[in-house]
Amino acid sequence: MNSTTAAFSDLANAIRALSMDAVQSANSGHPGMPMGMADVATVLYSEFLKFDPSAPDWADRDRFVLSAGHGSMLAYALLHLTGYAEPTIEDIRNFRQLGSPCAGHPENFLLDGVECTTGPLGQGLAMAVGMAIAERHLNAKFGDDLVDHRTWVVAGDGCLMEGINHEAIGLAGHLKLSRLNVLWDDNTITIDGTTALSTSEDIAARYEATGWHVTRCDGHDPEDIRRALAEARDSDRPSLVACRTIIGKGAPNKQGTSGVHGSPLGPDEIALAREQLGWEYPPFEIPQHIAAGWRMMGERGKETRLAWEKRLNADSDARAAFENGTSSGSDLAGPAVEHLIAELAREPQKVATRKASEMALGVLTEAIPNMIGGSADLTGSNNTKTKATDPLTADNYGGRYIYYGIREFGMAAAMNGMALHGGIIPYGGTFLIFSDYCRNAVRLSALQQAQVTYVFTHDSIGLGEDGPTHQPVEQVMSLRLIPNLNVYRPCDAIETAECWALAIASPKTPAALCLTRQNLPQMRGEGDADWSASSNRSAKGAYRLKAAENTRKVILLATGSEVHLASEVAAKLEAEGIGADVISMPCWELFEEQDDAYKADLLPNVSPDEILRVSIEAGVTLGWERYTMANGLNIGLDRFGASGPAEDLFEKFGFTVDAIVPQIMNKIK
Ligand SMILES: Cc1ncc(C[n+]2csc(CCOP(=O)(O)OP(=O)(O)O)c2C)c(N)n1
Ligand SMILES: [Mg+2]
């Protein structure tokens, strides 16, 4: 070795040193995982991963997902060492401090090169499945010259133990995603101690049974790691590499114990580790020859990227097709539904909003080729399949409809992965009640600003006979609690098309569409014959559907299937000489974004004695006080539903004109 060549162990130890020093300086974090996986990561980055630190958005880069997100220092060290503009060494010094992009767990919106936000164990791997689907799909569309990359995942025992792992690997095995390679940090340690405390599973056998290729390696022997990674790369199935490692490798007294999982090593142990590793440099200092060794890996990727760009630029038509085909397509949404809405205005339709959603999807998937749909085994109920979307299968990656199977969480995470990969706008369906099964992935869509549209049908007791296990009561409101998630509950076919157009036009905000099973009369149509994106009334989140005729004494606020009920209530009140506005409120979040004047116009700031505000929504009332105020009236369902025909349930639970009007009269008298 001369002064410009770094030994393998030096390269790997640079990761170890940065990790233990950053965690020590933050007095918080997880040194064990990055120290244990340093050797595997060094082989991966130096010999396998296709990446260019000077072009982190390069479409054909390999995707690297650190599913074991607690080991975030591994990602930060790799990005810094290989020459990404960020994180700087200063950022690493400020690991876990406010303002540093080196957050506790990797955040896709803070650093280029962090492909997705990880930390909730299991979801990184499940998102990687989506990325691998996206790669195969775009490869089918644009060919090997332009799309030919892999998805590499580092996952821990926790990622493999989580329930979502079963869903994710089942889907990956079924779709034969051979470019997905999972490097399992098989260190037999979790927080509570040895994995023997909680599991006796034969993980290799489970993966093999699911259609995966499985191999093992000594995670501290570069030669063996190289062999195993090559085997994974060359397999025609998705691959699991069980990398047997020692957690916290290099810390002489603490390595191999759960004590290094999530606590700083302490100054004494760090000093001993420096000795054991032969790392004689001060904290946050990487000697020139080791830094150069890492930079060289990044430089190599640049040549590959430039060759790719040459191929892209060789044919201007192909380039245009690739760029159009992988751009978001969000500007096409409004124009796509224009004709449909005009038609609905001319010929109103009494359909379920899930059916209306299918109509909107029909035109949207036709106009926007990068939309990929699917359902968690409820295709016929969610109405998510359209003519334009053929099944995406192991034999036809060019398809645009995924049969996810009964894997709601896996579906949601895969959709996050597809959206973050880029070039795809995913949507997928399940019953609204099962949004809870995938809730943390919905939350990650929102946190990661991933454009995913959830088609949540059967949105209330209106689904009827399936009973309370299937009847959402708290789900609509609880989804509204998630920041940066637009929750839409449209009232008819036109609003449904409007909400779809808004969802597809918002590249950084995921959407949950809450749709009915039961038919609803069409409330809109007047003035919609020459609809255009700029006249999308749902865009304001809430609007006055009908203005009071008599002196206004009541404002009725309703969503979805309760809007027509509100308008019948208004008609009855008007007949009694009481003026009532009807406000349709398909999206709270968008209403919140409106200016004060608009809000005050819909909801004037006067006492309830003057104007009573009434909410009507077939779900929990908690939260509606925001709009109806302390003395308002909230019509809802603060209990579980029951099994029976929808009409009987609405009657039983008081969602009728006859039940509601007296309550209002009582309040305003
Ligand atoms: C869904 C979820 N549950 C719990 C946690 C808290 N947690 C973080 S790391 C960890 C242990 C993970 O063990 P392993 O993956 O083996 O990581 P290692 O200790 O080997 O670094 C737990 C329980 C989490 N981040 N996500
Ligand atoms: Mg472990």
Side-chain angles (χ1 to χ4, degrees), residues 15-16 19-20 22-23 28-41 65-77 96 103-107 116-128 153-169 182-201 203-204 206-207 216-220 240-251 254-265 408-410 412-413 416 436-445 447-448:
I15 298 175
R16 293 193 169 95
S19 301
M20 67 184 183
V23 171
S28 129
H30 303 74
M33 186 270 170
M35 293 178 79
M37 282 298 274
D39 298 314
V40 173
V65 173
L66 185 68
S67 190
H70 57 280
S72 56
M73 263 314 303
L74 179 66
Y76 303 147
R96 288 190 158 228
H105 292 83
E107 305 285 7
C116 56
T117 289
T118 51
L121 296 175
Q123 285 194 67
L125 198 163
M127 286 190 273
V153 181
V154 165
D157 300 299
C159 293
L160 272 54
M161 210 182 281
E162 288 289 351
I164 191 175
N165 187 257
H166 173 70
E167 299 183 22
I169 71 165
V182 175
L183 312 180
W184 166 28
D185 181 16
D186 178 16
N187 60 17
T188 70
I189 291 288
T190 66
I191 293 179
D192 277 354
T194 155
T195 47
L197 289 170
S198 57
T199 180
S200 344
E201 182 178 295
I203 289 174
R206 175 164 66 90
Y207 270 71
R216 297 166 199 283
C217 70
D218 173 344
H220 300 302
L240 177 74
V241 182
C243 308
R244 179 45 63 92
T245 63
I246 298 169
I247 189 169
K249 166 115 172 122
K254 296 193 171 174
Q255 68 176 28
T257 72
S258 59
V260 284
H261 162 90
S263 318
L265 298 181
E408 295 82 7
F409 199 4
N416 282 336
D436 288 337
Y437 269 50
C438 54
R439 187 175 175 93
N440 204 264
V442 177
R443 184 174 190 274
L444 279 193
S445 308
L447 176 62
Q448 298 183 97

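Atoms considered below: every heavy atom in the structure, side chains included; atoms not considered: hydrogens, waters and symmetry mates. In listed order, ligands and their atoms are each counted from 1.
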Enquirer: Does this structure show an ion pair linking D186 with R244, if we count only N-O contacts that are shorter than 4.0 Å?
Expert: yes
Enquirer: Can you tell me if, anywhere in N187, an N/O/S atom lies at a distance from the Mg ion (ligand 2) that is smaller than 2.8 Å?
Expert: yes
Enquirer: Could you tell me whether the Mg ion (ligand 2) has an N, O or S atom of D186 under 2.8 Å away?
Expert: no
Enquirer: Please report which non-hydrogen protein atom sits nearest to atom 17 (O) of ligand 1, along with the residue it belongs to and the distance in Å to one decimal place.
Expert: H70 NE2, 3.1 Å
Enquirer: Counting N and O atoms only, with roles assigned by atom type, does the side chain of H261 sit under 3.5 Å from a partner on the main chain of I189, one being a donor and the other an acceptor?
Expert: no
Enquirer: For ligand 1, which atoms have a heavy atom of I189 less than 4.0 angstrom away?
Expert: 14 (P), 16 (O), 18 (P), 19 (O), 20 (O)
Enquirer: Tell me which protein heavy atom sits closest to atom 14 (P) of ligand 1, plus the residue, atom name and distance to 0.1 Å.
Expert: G158 N, 3.6 Å
Enquirer: Closer than 3.5 angstrom, by distance alone: can the side chain of E408 be matched with the main-chain N or O of C438 as a donor-acceptor pair?
Expert: no
Enquirer: Is the Mg ion (ligand 2) less than 2.8 Å from at least one N/O/S atom of A68?
Expert: no
Enquirer: Please report the closest heavy-atom contact between L74 and A41, naming both atoms and the distance.
Expert: CD1-CB, 3.8 Å
Enquirer: Return the closest protein heavy atom for atom 19 (O) of ligand 1 as residue, atom name and distance.
Expert: H261 ND1, 2.5 Å
Enquirer: Enumerate the atoms of ligand 1 whose separation from the nearest heavy atom of E162 is less than 4.0 angstrom.
Expert: 1 (C), 2 (C), 3 (N)
Enquirer: Test your reading of the structure: does D185 have an N or O sitting under 3.5 Å from an N or O of ligand 1?
Expert: no
Enquirer: Heavy-atom contacts under 4.0 Å between D157 and ligand 1: side chain, backbone, both, or neither?
Expert: both
Enquirer: Looking only at atom types and distance, does a side-chain atom of Y76 sit under 3.5 Å from a main-chain N or O of A103, one as donor and one as acceptor?
Expert: yes
Enquirer: Is there a donor-acceptor pair under 3.5 Å between the side chain of E167 and the backbone N or O of F409?
Expert: yes
Enquirer: Take a 6.0 Å sphere around CZ of R216 and say whether it holds more than 12 heavy atoms from other residues, nucleotides or ligands.
Expert: no
Enquirer: For atom 26 (N) of ligand 1, what's the nearest protein heavy-atom neighbour? Residue, atom name and distance, please.
Expert: L121 N, 3.1 Å
Enquirer: Taking all non-hydrogen atoms of both residues into account, name the closest pair between K254 and P264 and its distance.
Expert: NZ-O, 4.2 Å
Enquirer: Would you compute the distance between atom SG of C159 and atom NE2 of H70 and round it to the nearest 0.5 angstrom?
Expert: 7.5 Å
Enquirer: State whether any protein heavy atom lies less than 4.0 Å from atom 22 (C) of ligand 1.
Expert: yes
Enquirer: Go through ligand 1 atom by atom and flag the ones less than 4.0 Å from a non-hydrogen atom of P120.
Expert: 26 (N)
Enquirer: What residue and atom, counting heavy atoms only, is the protein's closest point to atom 20 (O) of ligand 1, and at what distance?
Expert: N187 ND2, 2.7 Å
Enquirer: Between the Mg ion (ligand 2) and D157, which N, O or S atom of the residue is the nearest one?
Expert: OD2
Enquirer: Looking only at heavy atoms, is any part of I247 under 4.0 Å from ligand 1, and if so is it the side chain, the backbone, or both, or is it neither?
Expert: side chain
Enquirer: Let me know which of T195, D185, L121 forms a side chain to side chain contact (heavy atoms under 4.5 Å, CB included) with D157.
Expert: T195
Enquirer: Closer than 4.0 Å to some heavy atom of G119 - which atoms of ligand 1 meet that?
Expert: 24 (C), 25 (N), 26 (N)
Enquirer: Kindly give the heavy-atom pair with the smallest separation between H105 and T118, and that separation in Å.
Expert: CB-O, 3.1 Å
Enquirer: Would one find an N or O of C159, backbone or side chain, under 3.5 Å from an N or O of ligand 1?
Expert: no
Enquirer: At a non-hydrogen distance cut-off of under 4.0 Å, which region of H30 contacts ligand 1 (side chain, backbone, both, or neither)?
Expert: neither
Enquirer: Where the closest heavy atom to atom 7 (N) of ligand 1 is concerned, which of I191, D192, T190 has it?
Expert: I191
Enquirer: Is any side-chain heavy atom of L265 closer than 4.5 Å to a side-chain heavy atom of V23?
Expert: no
Enquirer: Within the distance-only criterion (no hydrogens, no angle test), does the side chain of S67 pair as donor or acceptor with the backbone N or O of A155 below 3.5 angstrom?
Expert: no
Enquirer: Would you mind running through ligand 1 and noting each atom that sits below 4.0 Å from a heavy atom of G156?
Expert: 15 (O)
